[in-house]
Amino acid sequence: MFDLKEFFQELDVIYRERPGEAEAFLRKGLTISSNLHDMGAELAILNELIGYYRVQGPYEEGEKCIRSAFDLIRYMGIMGTMNHATTLLNAGTAKRVMKKFDEAGDYYDQAYEIYKREIVEPDYRMATFYNNRSLLYAEMGQPKKAKKDLLQALELIQQLQGSDVEIAITHVNIGNICISMKDLEEAEHHFQKAKALFEVEDGVRDPHYASMLAGLGELHFHREDYGAAAEYMLLAMEEIKKNYGENASYRTIKSNYELILDMKKRREAILRSKMTGMEIAKQYYEQCGKPMLEKKYAEYVDRIAVGLIGEGSECLGYDDQTSTDHDFGPGFCIWLTESDYEAIGKQLEADYNALPGEFLGYPVRNVTEHGGGRVGVCSMDAFYRKYIGCETPEKMRDIDWLRKDMSALKTVTNGEVFADPLGEFTRRREGFSKYPEHIRKRKIAEYVGQMGQSGQYNYSRMKKRQDEGASYLSLATFTEAAIKAAYVLNGQYAPFYKWMFRGMDEFEVLRELQDKLLQLTRVDAKEDASALVEEICAMFVAELNRQGLTSSTENFLEIQRGELLR
């Protein structure tokens with residue numbers, strides 16, 4: 001017979017001292033147990049291999065072991081037993097890591113039915129089940145269900161003797177869930193509980209010890225304490241590398257560690273220099289970009305436009321410390337005519353990318369998947385076509401002006417041009433910088449009409465019906481329409497929605513509107529905001545009259561809309 005006890009004792013030594021030999025040892029044991037026809041030992045080793053490949057990969061090998069284990073269970077005639085449940089739990093956990101959530105859930109459901117029938121609580125196996133299923137719920141975006149399972153697991157384990165490690169693991173899992181729910185205080189409570197329990201143990205730490213360290217790192221990251229976050233992530237990396245090698249978990253934490261260090265460096269640089277993103281970009285161009293262009297592209301330099309325009313808070317002048325977390329750092333745009341781009345575009349892009357990777361203590365842009373293409377080399381045609389679909393203002397038809405979202409027009413007219421000796425880029429930019437007058441009136445009519453319908457008409461009707469959801473949406477629609485109408489009345493384009501309120505600081509007319517709309521956002525669902533809505537509408541009527549756009553003093557904005565259209 002196969003000596004399973006001795007086998008796992010030796011495996012523990014290998015994991016501790018020679019982790020790289022673990023797979024070969026497990027495979028050898030599987031072969032020997034199969035040759036000896038010891039199906040119990042064979043099943044136990046298959047379960048261990050499922051766990052091994054779950055952590056180390058490749059996942060395909062883990063799936064083969066899952067299939068072999070279930071084939072063996074059927075052959076042994078032990079379906080519905082606790083041994084079957086153990087394998088179901090291991091398979092479900094492996095499938096969860098593989099992101100095959102439906103299969104994982106099915107395995108967990110089967111295991112749960114066996115546990116309910118066979119286990120008398122408290123029992124650590126049921127607690128283990130709750131722990132594992134909670135991770136599935138967490139990855140499926142159901143944190144409340146995950147936390148409920150974990151609290152059930154904790155309650156069970158705390159009734160068992162000698163379960164300090166299991167209690168610590170459960171605290172780690174609860175801490176991670178609390179972070180996802182933005183409850184940082186409770187997360188820290190659970191991580192510290194786990195830390196105290198783990199650090200009583202000598203020798204090899206449980207794998208979840210590294211998870212606890214990484215969790216504390218993430219906790220401090222959310223608190224923007226990047227120094228402590230990096231320290232904990234480094235400790236987690238060292239723990240994993242020491243005991244398990246540079247596996248997938250190690251690589252993930254290393255990536256997070258490097259991201260935190262990058263953010264720490266950016267944050268320290270902006271605090272030290274107190275420069276805006278636009279100032280950084282301009283100096284980077286003046287000290288690094290301009291000399292490169294003059295040296296390598298002397299024939300073209302009088303035709304090249306340079307600046308920083310487009311997406312990003314720094315193009316609006318709204319950047320701050322928080323902005324440094326993504327798509328921020330030294331960088332600028334280079335715009336070429338179509339013919340020049342065909343001639344030198346690719347080489348110029350390579351030379352741009354070869355500029356210094358750090359400037360004034362700032363690493364170059366930490367570009368995300370969604371932030372690519374914001375800086376670098378681009379043809380003028382491609383730049384304007386990307387955001388508004390037209391290369392020049394002359395190609396904009398009335399229908400294009402009316403349909404194009406204001407934030408797109410804001411995107412191509414914000415920021416700053418550092419150099420444009422040819423003048424062509426600036427000419428286009430100025431042409432896009434404001435609505436033609438007849439379009440401006442149509443846009444104002446559109447937005448004040450929305451205000452009248454949502455705020456003056458539908459809001460009061462929804463209040464009478466006591467439909468709180470529809471009342472809320474009516475006020476939200478009214479607020480957005482009021483903001484957009486106010487931007488047009490100020491001769492500006494509204495930026496992307498998250499900057500709309502911030503941009504109202506720059507208004508020259510309707511300056512009181514910002515405070516009034518903020519009051520509207522604070523109205524309780526049980527309150528009636530009709531009087532405040534009417535007050536805001538009266539402000540718009542007065543401004544429409546003042547600008548000579550309408551002559552009617554009627555407060556109902558649908559009437560104002562009609563006059564604007566006439």
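Remark: of the listed residues Tyr232, Tyr226, Tyr257, Tyr226 is the sole one forming a ring-ring contact (aromatic ring centres under 6.0 Å, His included) with Phe221.
Counting only distance, with no hydrogens or angles, the side chain of Asp340 and the backbone of Leu336 share no donor-acceptor pair below 3.5 Å. Without hydrogens or angle criteria, Asn256 side chain to Ile253 main chain gives no donor-acceptor distance under 3.5 Å. With hydrogens and angles disregarded, no donor-acceptor distance shorter than 3.5 Å links the side chain of Glu61 to the backbone of Pro58. Remark: the backbone N or O of Leu518 is paired with a side-chain donor or acceptor of Thr521 at under 3.5 angstrom. Judged by distance alone, with hydrogens and angles left aside, the side-chain atoms of Tyr493 form a donor-acceptor pair with the main-chain N or O of Lys434 at under 3.5 Å. Within the 3.5 Å criterion, the main-chain N or O of Thr93 finds no donor-acceptor partner in the side chain of Asn132. The main-chain N or O of Gly310 is found under 3.5 Å from a side-chain atom of Asn414 such that the two form a donor-acceptor pair. One N or O on the side chain of Asn247 and one on the backbone of Ser249 form a donor-acceptor pair closer than 3.5 Å. With hydrogens and angles disregarded, no donor-acceptor distance shorter than 3.5 Å links the side chain of Lys264 to the backbone of Ala230.
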Walk me through it: do His438 and Asp398 pass the test side-chain hydrogen bond (donor to acceptor under 3.5 Å, both in side chains)? CA-CA 9 Å; His438 67 291; Asp398 283 359; 3.2 Å; yes

Verify side chain to side chain contact (heavy atoms under 4.5 Å, CB included) between Ile483 and Tyr447, making sure each step is shown before the conclusion. CA-CA 9 Å; Ile483 292 173; Tyr447 296 131; over 6 Å; no

Output, in order, the C-alpha distance, side-chain angles, deciding distance and verdict of side chain to side chain contact (heavy atoms under 4.5 Å, CB included) for Cys178 and Glu185. CA-CA 9 Å; Cys178 288; Glu185 294 303 317; over 6 Å; no

With side chain to side chain contact (heavy atoms under 4.5 Å, CB included) as the test, would you mind laying out the steps for Val417 and Val306 before giving the verdict? CA-CA 6 Å; Val417 176; Val306 182; over 6 Å; no

What do the steps show when you test Phe432 against Tyr384 for ring-ring contact (aromatic ring centres under 6.0 Å, His included), and what is the final call? CA-CA 10 Å; Phe432 286 120; Tyr384 286 109; 5.1 Å; yes

Walk me through it: do Arg385 and Asp381 pass the test side chain to side chain contact (heavy atoms under 4.5 Å, CB included)? CA-CA 6 Å; Arg385 191 166 54 238; Asp381 285 0; 3.7 Å; yes

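Side-chain contact between Phe478 and Leu520: present, with at least one pair of heavy atoms (C-beta onward) separated by less than 4.5 Å. At least one side-chain heavy atom of Arg96 sits under 4.5 Å from a side-chain heavy atom of Leu135. You'll find the side chain of Tyr285 stays beyond 4.5 Å of the side chain of Cys333, heavy atoms only. In this structure, the side chains of Ser379 and Thr337 stay at 4.5 Å or more apart for every pair of heavy atoms. Residues Phe383 and Cys378 meet the side-chain proximity criterion, which asks for heavy atoms closer than 4.5 Å. Within the 4.5 Å cutoff, side-chain heavy atoms of Lys99 are placed close to those of Phe101. Taking the side chain as every heavy atom from C-beta outward, Trp499 and Ser313 approach each other to under 4.5 Å. Looking at heavy atoms from C-beta onward, Asn243 lies out of side-chain contact with Tyr15 at the 4.5 angstrom threshold.
Arg440 CZ: more than 12 foreign heavy atoms inside a 6.0 Å radius. Within a 6.0 Å radius of CD in Glu391, more than 12 heavy atoms belonging to other residues, nucleotides or ligands are found. Other residues, nucleotides and ligands contribute at most 12 non-hydrogen atoms within 6.0 Å of the CD atom of Glu299. The number of heavy-atom neighbours closer than 6.0 Å to CG of Asp505, taken from other residues, nucleotides and ligands shown, is above 12. Arg18 CZ: more than 12 foreign heavy atoms inside a 6.0 Å radius. At most 12 heavy atoms of other shown residues, nucleotides or ligands fall within 6.0 angstrom of atom NZ in Lys193.
Salt bridge status for Arg223 with Glu218: absent, with no side-chain N to carboxylate O gap under 4.0 Å. A salt bridge between Lys95 and Glu63 is present, with a side-chain N of the basic residue lying under 4.0 Å from a carboxylate O of the acidic one. With respect to Glu246 and Arg251, no salt bridge is recorded, no charged nitrogen being found less than 4.0 Å from a carboxylate O. Of the charged side-chain nitrogens involved, none lies within less than 4.0 Å of a carboxylate oxygen, so that Glu508 and Arg511 do not count as a salt-bridged pair. Looking at Glu286 and Lys282, no side-chain N of the basic residue comes within less than 4.0 Å of a carboxylate O on the acidic one, giving no salt bridge. Using a 4.0 Å cut-off between charged nitrogen and carboxylate oxygen, Glu446 and Lys484 do not count as a salt-bridge pair.
Residues Asp351 and Tyr297 bring a donor and an acceptor atom of their side chains to less than 3.5 Å of each other. A side-chain donor from one of Gln547 and Glu543 sits under 3.5 Å from a side-chain acceptor of the other. Remark: the Gln519 side chain and the Asp515 side chain contain no N/O donor-acceptor pair separated by less than 3.5 Å. Counted by atom type alone, Glu311 and Thr411 present zero donor-acceptor pairs between their side chains at under 3.5 Å.
Taking all atoms of both residues into account, the shortest heavy-atom contact from Ala236 to Ala210 is CB-O, 3.5 Å. Between Tyr487 and Met504 the shortest heavy-atom distance is OH-N, 3.4 Å. Closest heavy-atom contact between Ala187 and Gly175: CB-O, 3.5 Å. Shown here for Ser433 and Glu430, the closest heavy-atom pair between the two residues is OG-O, 2.6 Å. Of all non-hydrogen atoms in Gln514 and Phe501, the two that sit nearest each other are NE2-O, 2.7 Å. When all heavy atoms are compared, the tightest approach of Met396 to Cys390 is SD-SG, 3.6 Å.
Between His171 and Phe191, the distance from one ring center to the other does not fall under 6.0 angstrom. Side-chain rings of Tyr352 and Phe332 approach one another, their centers coming within less than 6.0 Å. Checked against the 6.0 Å centroid criterion, the rings of Tyr53 and Tyr59 do not qualify as a close aromatic pair.
To the nearest 0.5 Å, atom OG of residue Ser180 and atom NZ of residue Lys144 are 11.5 Å apart. Atom CG of Asn173 sits about 12.5 Å away from atom CE of Met212, to the nearest 0.5 Å. A distance of 6.5 Å separates CD1 in Ile334 from CD1 in Ile304, rounded to the nearest 0.5 Å. With rounding to the nearest 0.5 angstrom, the CD atom of Gln142 is 16.0 Å from the NZ atom of Lys147. Expressed to the nearest 0.5 Å, how far NZ of Lys404 lies from CD1 of Ile399 amounts to 11.5 Å.
Under the 30°/60° scheme for interplanar angles, the aromatic rings of Phe425 and Trp335 are found to lie parallel. Aromatic ring orientation, Phe198 versus Tyr209: perpendicular (interplanar angle above 60°, classes split at 30° and 60°).
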